[in-house]
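Following: one structure in structure tokens, then a few remarks.
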2 protein chains.
Amino acid sequence: MKKYPEVKRYPVAIDCIIFGFDGSEVKLLLIHRGFDPQKGKWSLMGGFVEDTESLDNSAARILKNLTGLENVYMEQLLTFGNPNRDPVERTFSVVYFALIDIHKYEAQLTDNYRPQWFALKEIPKLIFDHSTMVDLAKEKLRVKATHSPILFELLPEKFTIPQLRCLYESVFDKALDKRNFSRKALSGELLVKLKDKEKASSKKGAFYFRLDKKKYNTHFNPANVFGVS
Amino acid sequence: MKKYPEVKRYPVAIDCIIFGFDGSEVKLLLIHRGFDPQKGKWSLMGGFVEDTESLDNSAARILKNLTGLENVYMEQLLTFGNPNRDPVERTFSVVYFALIDIHKYEAQLTDNYRPQWFALKEIPKLIFDHSTMVDLAKEKLRVKATHSPILFELLPEKFTIPQLRCLYESVFDKALDKRNFSRKALSGELLVKLKDKEKASSKKGAFYFRLDKKKYNTHFNPANVFGVS
DNA sequence: CCAAAAGTGTTTAGGGTACACCCATGT
DNA sequence: ACATGGGTGTACCCTAAACACTTTTGG
């Protein structure tokens, strides 16, 4: 069948907002843009959609290129398409955000782009409309975290309750009551207590927990998981 | 500056999901597709993004073409881009959803496309991936309505509490307690009681209310407005 | 023995839900 | 007078929030 006549065509790109958690703060992975214009400036990781891949697959490919990671939590956020957002030519960008275990990342670093993690409060000026994308993603992360246990995607297999609380405090940028938090976290029945303790950050040591994956996968979507509302 | 070399280019389209409320049910506006393939089949209203307009503007233009309405609540939902979603050629579709006052629409009907309103439970088979888009929009509407007073966009200037409740019942597809509902609706302080009554649907008559636009515009975004959670 | 972080219970207030009767009026 | 839908109030429960002390152990 003939192609649509008289229709303009444009490059379609993906940009990835990649969140990680280093144990005390949520961070964002940025790269140095690899080509002109604005070569060398801080940018989100991105790339053009290839001819045979879906948007989701394209985002996954781009994420893998940078981090080496597969099967990562990713979600489409929004598409940007202002006519002048890219000075080279009009380009549409479909923005994804990803949540990764920052420790797995560190093991598989490829640094062609000299990637770097930035704390949410110390994000530098970014090219084009990437700063807007990041702001939107931060807001989305908060909204989703309020209604679903999505933040577990940022944690390693084993983690402690204080680490978990710290993660929520970082995302919502406010202090949470230790007692109320741990009660809510444990009441969800998503956590399984392990025998061993994390001893690096206190003398007493904090018990490790892991996620009950079965319950996590079915339960995924209860309203207001840890009551950060 | 030179264009990006070696990058494939694609048509980018908008599809609009248009919700209305006729006083007893939420409905969706569909059209007959105007060209091949699948000419004449039920479809969302759509069109290609033009060269100088933003995505938001393009969606607004397309909505206006069909409904005659401007300054309508619209929001970008998600972008679809599976390689084979359109059999003619690969096309990306940025989906928007709009909430309109169905009465204003009826006044300005243009019917080149023989548009028709369908109750949410009676939506026919749609072309391409449009059914998926609609499902997604229905879900999104519920989520947003749970956390913000967005459904007022579907109502006329003057409306009664029973009408409002009926709207929520239609969106959430469940019966809501009359007493609890009206208490919550009124406690929000978004509603202003008017002197006159709607007398068509009962002998006693129900008082009209209108939205306090000032409070609506500032307040917009309180959590869980009418507690349908 | 002291510092530093982990862990744990109770009380209170507010919001959500369930539930039943009277009111106004057109016919 | 009666049928129809509009409008209101109360009791209970559950969840969220506030709040302080004991435990463990490395140094």
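What you see is a predicted model; the values in this text were computed from it and never measured. Proteins come first, then strands; the chains are lettered A, B, ... in the order of their sequence lines, and each starts at number 1.
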Pairs under 3.5 angstrom only: tabulate donor-acceptor contacts from the side chains of residues 19-26 of chain A to other protein residues two or more places apart or in another chain.
residue: A/Asp22; atom: OD1; partner: A/Ser24; partner atom: N; Å: 2.8
residue: A/Asp22; atom: OD1; partner: A/Ser24; partner atom: OG; Å: 3.4
residue: A/Asp22; atom: OD1; partner: A/Glu25; partner atom: N; Å: 2.8
residue: A/Asp22; atom: OD2; partner: A/Lys27; partner atom: NZ; Å: 3.3

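- Regarding B/Lys199, its NZ atom lies at a distance of 13 Å from the C1' atom of C/dC23, rounded to whole Å.
- B/Leu176 has its CG atom 13 Å from the C1' atom of C/dG16, to the nearest Å.
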For each nucleotide in nucleotides 5-15 of chain D, reading 5' to 3', give B when a protein heavy atom comes within less than 4.0 Å of its base, S when such contact involves only the sugar-phosphate, and - otherwise. BBBBBB-----
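- By the side chain to side chain donor-acceptor pair (under 3.5 Å) test, B/Asn82 pairs with no residue at all, sequence neighbours left out.
- Applying the side chain to side chain donor-acceptor pair (under 3.5 Å) criterion to B/Glu198, with sequence neighbours excluded, gives B/Ser201.
- Not a single ring-ring contact (aromatic ring centres under 6.0 Å, His included) links A/Phe97 to another residue, sequence neighbours left out.
- Between the axis at the start and the axis at the end of the helix from C/dC1-D/dG27 to C/dT27-D/dA1 there is an angle of 10°, using five pairs per end and rounding to 10 degrees.
- In this view, A/Trp42 and A/His32, A/Phe118 satisfy the ring-ring contact (aromatic ring centres under 6.0 Å, His included) rule, not counting sequence neighbours.
- Within the structure, a side-chain polar atom (N or O) of B/Lys184 is placed less than 4.0 Å from OP1 or OP2 of C/dT17.
- Ring geometry for B/His130 against B/Phe128 counts as perpendicular: the plane angle is over 60°, on a 0 to 90° scale with 30° as the lower cut.
- A/Arg85 pairs by the side chain to side chain donor-acceptor pair (under 3.5 Å) definition with A/Asp129, not counting sequence neighbours.
- Taking the side chain to side chain donor-acceptor pair (under 3.5 Å) definition, one finds that A/Gln116 meets it with nothing, sequence neighbours left out.
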